[in-house]
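These values consider heavy atoms only, across backbone and side chains, with no hydrogens, waters or symmetry-generated copies. All ligand and atom numbering here is 1-based and tracks the order in the structure. Quantities reported herein were computed from a predicted structural model and do not represent experimental measurements.
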Amino acid sequence: MTVTFYRKGSAAFVTLDNPPVNAIGLSVRQGLSKALDWIAEEDDLTRVILSGAGRMFAAGADAREFDGPAQPPHLPDIISRIETCAIPWVAVITGVALGGGCELALGCRVRIMSPKAQIGLPEVTLGVIPGAGGTQRLPRVIGMAKAVRMISSGRPISAVDAERFGLIEGIADDPMEYARHLDLGTLELSIPPCDMPPPTLHQQALADARTMAARKMAHQRAPQVAIDLVEASAMHPLDVGLAQERAAFLDLRQGDQARALRHVFFAERGARAPADLVAAPADLSHVAVVGGGMMGSGIAYALLGAGLDVTLIEADADGAARAQSNVDRIMAASEARGLTTPDDVAERQARLQITQDYADAAHAGLAIEAAFESMDVKASVFADLSKVMPENAILATNTSYLDLDAIAACVPDPSRVIGLHFFAPAHIMKLLEIVRGAQTSDRAMATGYALAKRLRKVPVPAGVCDGFIGNRILARYREAADTVLMDGATPWEIDEAMVAFGYAMGPYEAQDLSGLDIAFAQRRRQDATRDPARRYIPIADRMVELGKLGRKTGAGWYRYPGGAGKVDDPIVADLAIEEAHFAGITRRDFEPSEICDRLLCAMVNEAADLLDQGIAASASDIDLVMVHGYGFPRWRGGLMHWAQVHGLDRIVASINRYAKEDALAWQLSPTLEDAARSGGFHLTKA
Ligand code: 3HC
């Protein structure tokens, strides 16, 4: 039974009991219906107390049901029955009341929260809108301005804010006790939203919300539809608004965007240590980081933020000073953004030790090397670490490209070595590629997953290859872009096409941000092994020779006069024309749709090869990598989800067409061909 109910004295207790998050699926709706029937038959009840068993009130409607047809009893009908019930209902909110959970609470006469609880309507983050009255009742209860902000952003609010907004009656350490003893007069006098007048229209708040949603959730339908419905709440009686809301909800939840966002949501939940990984992780209370550059200091800050003690090792006094100033800069930025207080900063600094002595890492359970990307440097760091650290400590490298197995060979026990590939800025980016080498132990893998959990990152396992999952796909993306650039497009045409697809920025603007020298160094590393028959586009090399390294030099693919916004650079366009001329290429125009098709097909093909080679474990892992590490639009569901929706047969046809120009670059992946024939990739893990 997922809903239990009983009476004690004149109070009825209805409890949602559907672990782990009390998602409101069919059985919960049926249970609530039964509870309502039972209450209608009971005499002398004065209140009904609705709560959630376990750690929360309710996470909302069961999103797993959204792929099928809506089945009665429907949540909006249940909430209307609660709202109009002769006996007043009191919601006791612990943990979270989200989505349908918040809407259930809105149907109650009174809401009480525990101090740490949160309440909100995050539906837009799943590509839908509140579908059980949220867009109509919330503005009536707290006013249009606050309601539209909550609904269009999807961000939950704290108990303190909920009380300040007038959304709840009170906050109590023991909200159940509070609800049981709530004064009867208060209960009887409280007005249900259905008897409240429509909210006053707040045009400015609506306009602000529309602008914000267009900026932060560009291309997404749900936030704009939600805002329209909040606006409609001021113009229609509740029943009309509810009917409009329900129709919009049902329409959106079938749509491509909602399906894609659900796919990412569930892929994120599935990203955790596999059940058969039973080894105990290393102790993470003290972690050593080697290298205090931008990456190392970001990692150190992330570790401090998760409550761990950190020893940051640098090679010399200058390096140590630079590391300290890098960490200080991150701390100051997070304080300036209001994410930390001066006390937090002091407390974190107290847990940070910056040293030049490896012996200070002697008691750490894990070391993460984030030193210069050179095999010689890594070999010496790992040799030093393995000398001082306990035998059961895990040694991780943050290398992006170097061979993990070669690094592991530098220590007597290579099973201790693992790749933990963070993404810059490491304290913000959610992705963590956990790279398993040929000899990496289960204990090392378990440690990687445990660390991801502590840091609240999305862990994705990867095998050893040049670039692991993300950077290998990125290299192919850039190669396809450079080819289009050489053959006739400009960097800004290519960027615009990808932005129109949904990226926040295209490949060239992104390179300007990270610096063209990084990819240059990588290309030099690959010179020895690159197939000489493969077409090589030298434009990016010419850029580096000209000192156009991106934003940091004031110019890259674009110019940044005065360090401000980007400006198209005719020199870059001329460079492409010149190189094409040297190569004897007759340039031509590219439509945005063809640019997108080429870049996306190149990535999908590479990703399919990664599956084939066992570098990536599942298509949904690739989606997580692309969404959390490479800016692939979340609302497209990630690369592989997009590929399925777009049509794998169309992608295969494109690749075969492009292969006629360049058979080497466009070798169709057998895994992609199979998937197209057999109806798709297995998106989730077996
Ligand atoms: N539907 C179905 N399953 C859900 C769910 C939901 N709304 N929310 C969470 N789950 C599942 C997860 O998939 C996971 O399942 P698994 O163990 O089988 O992988 C399990 O519950 C635990 O979830 P988390 O790992 O996310 O647990 P946390 O404690 O870290 O977080 C949470 C809890 C904050 C509630 C988080 O799960 C969350 O944000 N959930 C989604 C909230 C949401 O978007 N609600 C709106 C739903 S749409 C709606 O209500 C429509 C309505 O207006 C009609």
Should the pair Trp642 and Phe501 be assigned to parallel (<30°), tilted (30 to 60°) or perpendicular (>60°) ring geometry? perpendicular

Using heavy atoms and a cut-off under 4.0 Å, could you grab the residues that are in contact with ligand 1, chain by chain, numbers ascending? Pro20, Val21, Arg55, Met56, Ala59, Gly60, Ala61, Asp62, Ala63, Arg64, Phe66, Leu98, Gly99, Gly100, Glu103, Pro122, Glu123, Leu126, Pro130, Gly131, Phe249, Phe265, Phe266, Arg269, Arg272

Quick one: sort the Phe632 and Tyr503 rings into parallel, tilted or perpendicular, breaks at 30° and 60°. perpendicular

Cationic tip of Arg269 above Phe265 ring, under 6.0 Å, 45° of axis: yes

Looking at Met196, I'd like to know if its CE atom is crowded, meaning that more than 12 non-hydrogen atoms belonging to other residues, nucleotides or ligands lie closer than 6.0 Å. yes

Of Glu103, Glu245, Glu231, Glu123, the one forming a side chain to side chain donor-acceptor pair (under 3.5 Å) with Thr135 is Glu245

Just to verify, what does Gln30 make a side chain to side chain donor-acceptor pair (under 3.5 Å) with, not counting sequence neighbours? none

